[in-house]
Engineer: 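I have a structure I would like to understand better, so I am pasting it below and will then ask my questions one at a time.
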Amino acid sequence: MSFSELSSQEIQRRETLNKLREMGIEPYPAALYPVTDYTQGIKDNFVESKQVCVAGRMMSQRIMGKASFAEIQDSTGRIQVYFNRDEICPGEDKTLYNEVFKKLLDLGDFIGIKGYLFTTQVGEISIHVQEFTLLSKSLRPLPVPKTDDDGKVHDAFTDPELRYRQRYVDLVVNPQVKEVFVKRTKLFTAMRNFFNEAGYMEVETPILQAIPGGAAARPFITHHNALDIPLYMRIANELYLKRLIVGGFDGVYEFSKNFRNEGMDRTHNPEFTAMEIYVSYKDYNWMMDFTEQLLEHCAIAVNGTSDCTFGENQISFKAPYKRVTMRQSIIDFTGFDIDGKSEEELRAAAKGMGISVDETMGKGKLIDEIFGEKCEGNYIQPTFITDYPKEMSPLCKVHRDNPELTERFELMVCGKEVANAYSELNDPIDQRERFEDQVRLAEKGDDEATGLIDQDFLRALEYGMPPTSGLGIGMDRLIMYLTNNPSIQEVLFFPQMRPEVKMQKIELSDNEKLILSAVEKIQKGLLLDVKETVNLSNKAWDVAVKNMTKAGILKVTKEEDVLYIQIG
RNA sequence: GAUCCGGUAGCUCAGCUGGUAGAGCACCUCACUUUUAAUGAGGUGGUCCUGGGUUCGAAUCCCAGCCGGAUCACCA
């Protein structure tokens, strides 16, 4: 980037930087700064005249002649600091105050403050500055939102594109954004603590997988050079955690960054975080009890209460949650009983409900469509929907009482799935058949089916996996509920964005070349003549000439009301 | 992928039916010793998203494109 591409404010700050260096002040000093206090702690435990040393960004400056106020923002908040010229500069030389503080410090600079605490006449806790140190210069102006007496925010940094692309700026100027991410971390910590106290172990499993299994989704594909094989970014970690249960762990869990090469919208990001936990000798009934305890615990850890607000809805994560079978749910909302119905009867019923169906849909898919259209959206409070049809769940154990169903539940909150759990299928022969069914579906063109069989996973099951229940939770979605954010971009530090395109015109356009060659022939001539020669539209002419005069290639001069054009 | 809305100063935005680009904050200069959206006076700053077209003249109208947001569809 050349100097001329900087805005005037950026140029000023670079000049300021040079002036500081000329004065012998290093704008990026190496030494540590001996911070003793944080702003929040000072406000919580105010002690008059206490000596403190704080550091942070200067976020505002109010200069009133020989005295000034500024605000310092650190990781915990902001505090006001008071500068007095004659105390900063006791001698004749007032440079440190008049030049360095008043002129060479900019909003956004990191400074260190040594001083003592006091309250101003209007009662604001402040630091009386005795010494200040420039810790790091900021070369770009920060947007600085301000709140007026009526609580109205001015100059907010609100453009979502800028906020996501420059999250660092968003975090500096929008404290409520920081709060979301603090809560996100609290959620992860709370969940870890809950699992660890239950005696389960956090593990790591491969992100690069030779066969992307455990879910049905399009993977990202990459290539390993040394082995010369394709590798896939994981779409789920389920099959690896089960291998560990085979290996003899009682309970294993992992916070898994998963990658799916599918559409992006306000609830989907190509990489997202799931938590999966597998516990041996348990079934899905136990897992429901465990899940509701877990979520109550997490909600309280994050928000201090099991209640939370999401949009217009009040949600309570207090256990226990309602449990409804999928069959009962469909009866409740449509009056139709799916039990014992043939594929044709289901298709006719779905059609009758105004759901678009086609001939390729099997029983499971039809039931899923009915549930998705007519039932799912009605569950605002956390509700377990249980006993899904078999075709939809190739990794789940058949229901102990009904061979058409599986021992599966999903937890619905605000009409969306937050968690998914099974009594895990551990019959290796059944598992192999289900995989083979999936391969047949994939060959028929069902792009939701998995086309590759993970033979090693089947080998593991053949050695024997104890009865196990597993649970997966969409962490991004859960934190959206707990922080009342309707879009996933708000709960990810760096949501995926289309790459920034930098438009840089290095070469002359064709029009510009045309004009330039015409002018080169004559060196200097009447502007109107040249314009006529090149025969461009007014606008094209105007744009091209403006560009080139700006770049100093051409020069337009006026002599006695006649315009001339010449080589610059 | 479809539809709608938007892209103007560092930030938030105004700019009617085409006629010399505006405000507040930020920035610069000056004044001011407890202010708090500090205040008062003066000033700098723009590829009006890009490209083409219509026109004497386009931020404004037309076409194409790029980028973003919202809604819907898809993604169990």
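Letters A, B, ... mirror the listed sequences (proteins, then strands); counts begin at 1.
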Engineer: Decide if the gap between the ring center of F272(A) and the ring center of F259(A) is smaller than 6.0 angstrom.
Structural biologist: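 Judged by ring-centre distance (under 6.0 Å), F272(A) and F259(A) do not meet the cut-off.
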Engineer: Using the ring centroid of each side chain, check whether F83(A) and F101(A) are separated by less than 6.0 Å.
Structural biologist: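 Yes; F101(A) has its ring centre under 6.0 Å from that of F83(A).
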Engineer: At under 4.0 Å between heavy atoms, what does E124(A) touch on the DNA or RNA strands: base, sugar-phosphate, or nothing?
Structural biologist: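 Base contact.
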Engineer: Between C72(B), U34(B), A37(B), which nucleotide has the shortest distance from any of its atoms to the side chain of R266(A)?
Structural biologist: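 For R266(A), the side-chain atoms sit closest to C72(B).
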Engineer: For L142(A), answer base if it contacts any base atom (sugar-phosphate contacts may also be present), sugar-phosphate if it contacts only those atoms, and nothing otherwise; contact means non-hydrogen atoms under 4.0 Å.
Structural biologist: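 Here L142(A) touches no strand at all.
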Engineer: I'd like to know if D265(A) reaches the base of C74(B) with its side chain, counting only an N/O donor and acceptor under 3.5 Å.
Structural biologist: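 Looking at the base of C74(B), it does pair with a donor or acceptor on the side chain of D265(A) (distance under 3.5 Å).
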Engineer: Which nucleotide sits closest to the side chain of R165(A): U36(B), C28(B), C67(B)?
Structural biologist: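 Of U36(B), C28(B), C67(B), C67(B) is nearest to the side chain of R165(A).
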Engineer: Is any N or O donor-acceptor pair between the side chain of T120(A) and the base of U35(B) shorter than 3.5 Å?
Structural biologist: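 Checked by distance alone, the answer is yes.
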Engineer: Between Y388(A) and Y422(A), is the ring centre distance below 6.0 Å?
Structural biologist: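 They do not qualify: ring centres at least 6.0 Å apart.
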Engineer: Picking from R234(A), E238(A), E276(A), what satisfies side-chain hydrogen bond (donor to acceptor under 3.5 Å, both in side chains) with S256(A)?
Structural biologist: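 By the side-chain hydrogen bond (donor to acceptor under 3.5 Å, both in side chains) criterion, S256(A) pairs with just one of R234(A), E238(A), E276(A): R234(A).
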Engineer: Please work out if V173(A) contacts a base, only the sugar-phosphate, or nothing of the nucleic acid, heavy-atom cut-off 4.0 Å.
Structural biologist: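 Nothing, no heavy atom under 4.0 Å.
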Engineer: When you compare G24(B) with U20(B), how far apart are their C1' atoms, in angstrom units rounded to a whole number?
Structural biologist: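 Per the computed distance, 23 Å lies between those C1' atoms.
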Engineer: What's N420(A) touching, base or sugar-phosphate or nothing? Going by heavy atoms closer than 4.0 Å.
Structural biologist: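 It contacts nothing in the nucleic acid.
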